[in-house]
Amino acid sequence: MRLPRPLFPPSIGILALLAAPIVCGPVDAHAEAPWTPLFNGRDLTGWTVKIAGHPVGENYGNTFRVENGLLKVAYDRYSSFGGRFGHLFYQRPLSHYRLRVEYRFVGVQTPGAPAWALRNSGVMLHAQSPTSMRQDQAFPVSLEVQFLGGAGTGERTTGNLCTPGTDVVIKGKLAKLHCTNSNSETFHGAAWVTAEVEVRGNRTIKHLINGRTVLSYSQPQLDEREADARLLVKAGDKTLGSGYIALQAESHPVEFRRIELQELPPD
């Protein structure tokens with residue numbers, strides 16, 4: 001029987017097969033996860049308030065509120081600050097992720113507040129749960145991405161690191177300072193600033209301000225010198241690889257308009 005004539009010369013057919021893409025599974029198996037809003041612009045659904053001196057869930061003075069699509073920290077119902085440091089916790093712990101927050105400082109500081117808290121806020125990473133905090137505990141054991149606003153003159157970096165009950169490694173050495181400054185610029189006035197963090201469990205963490213990396217560190221761990229941190233150590237393991245995120249209320253009015261999460265695959 002006579003075989004049918006091939007559509008292409010043998011050499012061309014083989015080359016075409018070799019050049020054709022081989023598809024196995026998704027087209028882009030490493031496509032990044034989408035950014036997910038954590039704040040719905042209407043209310044505090046998905047978040048839990050903890051203010052020092054008050055039980056979990058009691059939003060003293062309506063400190064955390066939503067107005068005109070913004071999540072605000074406000075003190076118009078306070079006569080004096082009274083050491084009521086507050087935190088607003090997202091509903092579940094996280095480990096590997098990117099978090100993006102837009103913030104700005106507004107108004108004036110609450111009477112009776114410490115001078116260092118002027119135009120001062122932040123977001124806590126790898127924080128203990130709000131239900132595990134003592135009622136009068138001012139700050140959760142965590143890593144704080146500190147937000148600072150300029151005082152009108154001089155330099156005052158933002159995207160710094162503070163470590164209530166924790167330690168980290170910076171440039172190969174265990175850093176024992178409570179706060180470490182970033183190399184960001186200073187932001188005076190009420191301009192919106194975009195802060196982003198990239199968190200890789202108990203390995204590396206980066207702080208970015210307006211898209212530029214301003215600080216990085218590694219090996220977050222509990223600091224057993226502090227009593228609240230000692231309670232969280234399990235079987236001698238001080239490793240800190242996950243926890244809650246929480247927005248701060250430290251006596252100066254601040255507004256947030258975008259809070260977004262992008263979860264990352266484990267290392």
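Bear in mind that the values here come from a model prediction, so they are computed numbers and not experimental data. As a basis for the values below, the full set of heavy atoms in this structure was taken, side chains included, without hydrogen atoms, waters or symmetry mates.
- Residues L38 and L99 meet the side-chain proximity criterion, which asks for heavy atoms closer than 4.5 Å.
- The backbone N or O of P93 lies less than 3.5 Å from no partner atom in the side chain of H126, so there is not a single donor-acceptor pair.
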Exercise for review: Kindly indicate, with the supporting measurements, whether the criterion side-chain hydrogen bond (donor to acceptor under 3.5 Å, both in side chains) is fulfilled by S251 and Q109.
Suggested key: CA-CA 6 Å; S251 77; Q109 189 181 23; 3.0 Å; yes
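- By the neighbour-count criterion of 12 heavy atoms within 6.0 Å, atom CG of D136 is densely surrounded, having more than that number from other residues, nucleotides or ligands.
- Linking Ile, Leu, Val, Met, Phe, Trp and Tyr whenever their side-chain heavy atoms come within less than 4.5 Å leaves F89 and V141 in two separate clusters.
- Between the side chain of Q221 and the main chain of Q219, a donor-acceptor pair closer than 3.5 Å is present.
- Cluster membership for V193 and L70, using ILVMFWY side-chain heavy atoms within less than 4.5 angstrom, is not shared.
- Under the 4.0 Å criterion applied to side-chain N and carboxylate O atoms, E224 and R230 are not assigned as salt-bridge partners.
- Here CZ of R104 is found 14.0 Å from OG of S121. Values are rounded to the nearest 0.5 Å.
- In this structure, the side chain of R156 engages the main chain of G149 through a donor-acceptor pair within 3.5 Å.
- Using cut-offs of 30° and 60° for the angle between ring planes, the F85 and F139 rings count as tilted.
- Taking 4.0 Å as the cut-off between side-chain N and carboxylate O, R100 and E102 do not count as a salt-bridged pair.
- Among all heavy-atom pairs drawn from P253 and V108, the shortest one is CD-O, 3.1 Å.
- More than 12 non-hydrogen atoms from other residues, nucleotides or ligands lie less than 6.0 angstrom from CD of E67.
- With rounding to the nearest 0.5 angstrom, the CG atom of D237 is 12.0 Å from the CG atom of L232.
- Looking at K50, its side chain does come within 3.5 Å of a backbone N or O of H54 through a donor-acceptor pair.
- Considering CG of L71 and CZ of F39, their distance stands at 4.5 Å, rounded to 0.5 Å.
- Of all the heavy atoms in R77 and R65, the pair that sits closest is NE-NH2, 4.1 Å.
- For F187, the ring-ring contact (aromatic ring centres under 6.0 Å, His included) test picks out no residue, with sequence neighbours left out.
- Checked by atom type and distance alone, the side chain of R84 pairs as donor or acceptor with a backbone atom of F81 at under 3.5 Å.
- Between P111 and S79, the shortest heavy-atom distance links the atoms CB-O, 4.1 Å.
- Rounding to the nearest 0.5 Å gives a distance of 8.5 Å between CG of L125 and CG of L161.
- P164 and M124 make their closest contact through CG-CE, 4.1 Å (heavy atoms, listed as atom of the first residue, atom of the second, distance).
- The side chain to side chain contact (heavy atoms under 4.5 Å, CB included) with D167 is formed by just one residue from the set L143, D223, L177, L240; it is D223.
- Taking the six-membered ring for Trp and thresholds of 30 and 60 degrees, F256 and Y103 have ring planes inclined between 30 and 60 degrees apart.
- In this structure the side chain of T36 never reaches within 4.5 angstrom of the side chain of E263, judged on heavy atoms.
- Atom OG in S218 sits 10.0 Å away from atom CZ in R203 (nearest 0.5 Å).
- A chain of hydrophobic side-chain contacts below 4.5 Å, direct or via other Ile, Leu, Val, Met, Phe, Trp or Tyr residues, connects L261 to L247.
- Distance check, rounded to the nearest 0.5 Å: CD of E196 to OG1 of T213 gives 8.5 Å.
- Checked by atom type and distance alone, the side chain of T48 never pairs as donor or acceptor with a backbone atom of G57 at under 3.5 Å.
- Across every non-hydrogen atom of A249 and F64, the tightest pair is CB-CZ, 3.6 Å.
- Not a single donor-acceptor pair under 3.5 Å links the side chain of N202 to the backbone N or O of P220.
- For the pair S182 (side chain) and T158 (backbone), a donor-acceptor distance under 3.5 Å is present.
- Although no hydrogens or angles enter the test, the distance criterion places no donor-acceptor pair under 3.5 Å between the side chain of H252 and the main chain of L118.
- Checking each of T157, L215, V214 against N181 for a side chain to side chain contact (heavy atoms under 4.5 Å, CB included) leaves exactly one that passes, namely T157.
- Using a 4.5 Å cut-off between side-chain heavy atoms of Ile, Leu, Val, Met, Phe, Trp and Tyr, with links allowed through other members, V56 and L44 fall into different hydrophobic clusters.
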Review point. Can you check ring-ring contact (aromatic ring centres under 6.0 Å, His included) on W47 and Y90, steps first, answer last?
Key: CA-CA 5 Å; W47 298 82; Y90 184 56; 5.3 Å; yes
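- Applying the 6.0 Å contact sphere to NZ of K234 captures no more than 12 heavy atoms from other residues, nucleotides or ligands.
- Between V66 and R42, every side-chain heavy-atom pair lies at or beyond the 4.5 Å cut-off.
- A distance-only check finds a donor-acceptor pair linking the side chain of T163 to the backbone of H178 [under 3.5 Å].
- Partners of Y217 by ring-ring contact (aromatic ring centres under 6.0 Å, His included), not counting sequence neighbours, listed by chain and number: H207.
- When hydrophobic clusters are built by joining Ile, Leu, Val, Met, Phe, Trp and Tyr residues whose side-chain heavy atoms come closer than 4.5 Å, directly or via intermediates, L94 is grouped together with V123.
- Nearest heavy-atom pair across A195 and F147 is CB-CE2, 3.5 Å.
- The shortest side-chain heavy-atom distance between V254 and Q248 does not fall under the 4.5 Å cut-off.
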